[in-house]
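Take a look at the structure below.
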There are 2 protein chains.
Amino acid sequence: MRTAKISDAVVRRLPLYLRILDQLAVHEGPDASLSSQELGERAGVSPALVRKDLAWFGEFGKQGVGYDVQYLRTALRKILHLDKEIRIALAGVGNLGLALARYHRRRYLSEPEFHLHIVALFDNDPAKWGEEIDGVPITPMSQMPEMVRRLGIRMGIITVPAEAAQEVANQMVRSGVRLILNFAPATLSLPEHVHVATADLSVELQRLSYYLDEDEASPVPH
Amino acid sequence: MRTAKISDAVVRRLPLYLRILDQLAVHEGPDASLSSQELGERAGVSPALVRKDLAWFGEFGKQGVGYDVQYLRTALRKILHLDKEIRIALAGVGNLGLALARYHRRRYLSEPEFHLHIVALFDNDPAKWGEEIDGVPITPMSQMPEMVRRLGIRMGIITVPAEAAQEVANQMVRSGVRLILNFAPATLSLPEHVHVATADLSVELQRLSYYLDEDEASPVPH
DNA sequence: TAGATTGTTAATCGATTAACAATC
DNA sequence: TAGATTGTTAATCGATTAACAATC
């Protein structure tokens with residue numbers, strides 16, 4: 001793929017487009033198509049932006065018709081590398097980690113085309129070692145390098161407390177993981193070649209609460 | 001507050017600044033100060049941007065010195081409305097919802113200055129009704145309008161399956177909630193005056209997986 | 001063919017950075 | 001005072017939108 005250097009803003013929208021196509025692929029017939037107008041509406045972006053985003057990767061549409069749902073869906077899955085299994089390690093099997101592990105594992109087992117696969121769970125609490133969550137055993141953090149190599153793990157999810165997050169991230173990177181989804185309320189500092197996505201729930205709630213007193217007086221129809 | 005109309009990009013960074021100040025307030029003395037340079041480094045943004053972001057809300061710094069940690073922290077908490085209790089409803093008490101509810105409730109109980117408070121849990125499964133999670137009972141969705149009014153709920157968290165998300169969001173808005181954090185893999189369409197933050201875990205993972213095959217050949221020191 | 005919609009270029013808009021006078 | 005760092009303006013950069021020729 002000759003992708004010059006696609007901006008992060010573009011990449012961020014691709015999964016949204018894909019999700020819409022996934023839904024249409026189920027609900028509509030096999031040769032449904034949709035315009036950039038329709039896709040934009042459902043994704044909450046302008047039609048021009050949809051066309052520009054997709055054009056970075058090739059010519060997927062037909063003038064006067066739009067985009068073939070199945071074809072574009074397959075293309076996006078390939079672009080996002082979602083056409084093959086992606087193996088994931090999760091570190092920190094507390095409340096949140098446990099819930100995420102179960103949630104994902106079930107999706108993996110029930111949706112044949114869902115290829116994000118949590119194959120290893122790590123925790124520093126010896127009391128948890130050996131315990132299995134839906135068939136995946138909990139392992140000491142120290143075994144991460146070996147497990148990553150052996151199982152071909154490419155992605156890490158961090159659900160440890162904030163204080164431990166940086167150290168766990170370092171351990172992941174040392175083990176060869178370059179893609180990290182961080183749930184801990186901490187800003188990680190990592191080498192440039194590592195991509196970090198943040199999913200900090202408190203930050204999102206705090207951001208929302210900024211808008212609390214906005215426009216409180218205006219009439220609300222109901 | 002005479003806030004002209006602060007851009008979303010700015011608001012998004014405020015909680016990051018606040019988190020750093022929270023940490024410093026604990027670890028440093030009570031009259032520590034820090035420069036836009038230091039704050040920027042820790043937050044991962046440029047010093048100029050830190051100064052510009054803060055300047056939207058007032059003059060918090062001293063030339064030649066920087067920002068007083070306590071003072072700026074208090075100011076940011078006020079700007080984000082985090083100085084008073086914010087009551088939250090959570091809809092969908094499955095794996096994820098349960099974990100989030102527990103996680104937040106414990107933070108609320110253990111940190112005296114953490115004012116985000118989940119006070120109601122909703123679910124459509126009659127088998128769950130009446131069950132209590134850390135003291136908060138699970139209630140039928142139909143009681144949402146009354147509960148929101150009675151308990152002064154201002155924010156909603158959605159952790160129901162994707163198919164139910166839009167309907168639950170509508171119900172929240174009808175009940176008077178204007179701030180929604182959505183964990184369901186669905187794009188919600190809601191009135192303009194409602195603010196929605198998205199925390200879609202699969203989307204984040206899919207976004208990361210775009211970078212999978214990047215630069216695989218380059219040498220990694222270890 | 002006529003109508004619709006793409007892919008793409010140019011114009012606009014907004015956000016970030018650079019630079020510096022003011023001042024602690 | 002001299003050094004450091006703010007608040008702010010002007011310059012730059014990048015992302016989105018508008019517009020339209022190409023074409024299904």
Side-chain angles (χ1 to χ4, degrees), chain A residues 1-17 20-21 24 28 31-73 75-76 79 187 207 210, chain B residues 1-17 20-21 24 28 31-73 75-76 79 187 207 210:
Chain A
M1 221 158 285
R2 180 143 295 288
T3 51
K5 170 56 187 168
I6 311 293
S7 101
D8 214 63
V10 174
V11 174
R12 196 175 289 277
R13 285 187 292 267
L14 299 181
L16 297 182
Y17 300 151
I20 290 159
L21 294 166
L24 289 176
E28 313 273 317
D31 37 67
S33 68
L34 90 172
S35 64
S36 59
Q37 170 81 48
E38 296 172 289
L39 184 47
E41 253 166 44
R42 287 168 186 265
V45 306
S46 76
L49 191 51
V50 169
R51 294 202 297 278
K52 202 158 201 295
D53 284 346
L54 297 177
W56 286 101
F57 302 95
E59 308 197 353
F60 302 106
K62 260 203 188 65
Q63 280 99 330
V65 181
Y67 301 90
D68 181 89
V69 171
Q70 288 298 354
Y71 182 67
L72 184 55
R73 175 169 181 265
L76 277 178
I79 290 165
T187 307
R207 180 170 86 74
Y210 169 80
Chain B
M1 218 159 287
R2 181 143 294 287
T3 50
K5 169 54 186 167
I6 311 294
S7 102
D8 214 63
V10 174
V11 174
R12 196 174 289 276
R13 285 186 293 266
L14 299 181
L16 298 182
Y17 300 152
I20 290 160
L21 294 166
L24 289 176
E28 312 274 316
D31 36 68
S33 68
L34 88 172
S35 63
S36 59
Q37 170 81 47
E38 296 171 289
L39 184 48
E41 252 166 44
R42 287 168 186 265
V45 306
S46 77
L49 191 52
V50 170
R51 295 201 297 278
K52 202 157 203 293
D53 283 346
L54 298 177
W56 286 101
F57 301 96
E59 307 198 353
F60 302 105
K62 261 204 188 68
Q63 281 99 330
V65 181
Y67 300 89
D68 180 89
V69 171
Q70 288 298 354
Y71 181 68
L72 184 56
R73 175 168 181 266
L76 277 179
I79 289 165
T187 307
R207 181 170 86 73
Y210 169 79

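Quick note on labels: first sequence line is chain A, next is B, and so on, each numbered from 1. These figures come from a predicted structure and were not determined experimentally.
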Which nucleotide sits closest to the side chain of [X]: [options]?
| X | options | answer |
| --- | --- | --- |
| B:R51 | D:dG7, D:dC20, D:dT5 | D:dG7 |
| B:L49 | C:dT16, C:dT8, D:dG7 | C:dT16 |
| B:S35 | D:dT8, D:dT6, D:dA15 | D:dT6 |
| A:K52 | D:dT8, D:dT16, C:dC24 | D:dT16 |
| A:Q63 | D:dT23, D:dA15, D:dA10 | D:dT23 |
| A:A9 | D:dT17, D:dT9, D:dT16 | D:dT16 |

**OP:** Heavy atoms only: give me the nearest B:L34-B:E38 pair and the separation to one decimal.
**Re:**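 In this case the closest contact between B:L34 and B:E38 is CA-OE1, 3.2 Å.
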
Can you find a side chain N or O atom of [X] that sits less than 4.0 Å from OP1 or OP2 on [N]?
| X | N | value |
| --- | --- | --- |
| B:Y67 | D:dG7 | yes |
| A:S46 | D:dT16 | no |
| A:S36 | C:dT5 | no |

Taking atom [atom2] of [N] as reference, at what distance in whole Å does atom [atom1] of [X] sit?
| X | N | atom1 | atom2 | answer |
| --- | --- | --- | --- | --- |
| B:F60 | D:dG7 | CZ | P | 9 Å |
| B:L54 | D:dT8 | CG | C1' | 14 Å |
| B:K5 | C:dG14 | NZ | C1' | 14 Å |
| A:E59 | C:dT8 | CD | P | 5 Å |
| B:D53 | C:dT17 | CG | C1' | 12 Å |
| A:L39 | C:dT5 | CG | P | 13 Å |
| A:Q37 | D:dA18 | CD | C1' | 14 Å |
| A:W56 | C:dT6 | CH2 | P | 19 Å |

Original post:
With both distances under 3.5 angstrom, what nucleotide forms a Watson-Crick or G-U wobble pair with D:dA18?
Top reply: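 Paired with C:dT9.
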
Original post:
Is there a Watson-Crick or G-U wobble partner for C:dC24 with both distances under 3.5 Å, and if so, which one is it?
Top reply: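 Looking at the geometry, C:dC24 pairs with D:dG3.
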
Original post:
With nearest nucleotides of DNA chain D determined for A:V45 and B:P47 from heavy-atom distances, which residue corresponds to the more 5′ nucleotide?
Top reply: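 Its nearest nucleotide being more 5', the pick is B:P47.
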
How long is the gap from [atom1] on [X] to [atom2] on [Y], to the nearest 0.5 Å?
| X | Y | atom1 | atom2 | result |
| --- | --- | --- | --- | --- |
| B:I20 | B:L72 | CD1 | CG | 10.5 Å |
| A:S35 | A:E41 | OG | CD | 8.0 Å |
| B:L39 | B:R51 | CG | CZ | 11.0 Å |
| B:Q70 | B:L24 | CD | CG | 10.0 Å |

Subject >> Most 5' of A:G64 and A:A55 on DNA chain C, judged by nearest nucleotide >> reply: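 Its nearest nucleotide lies further toward 5', so the answer is A:G64.
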
**OP:** Mind telling me whether A:Y210 and B:F57 have parallel, tilted or perpendicular rings, with 30° and 60° as the class edges?
**Re:**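 Perpendicular.
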
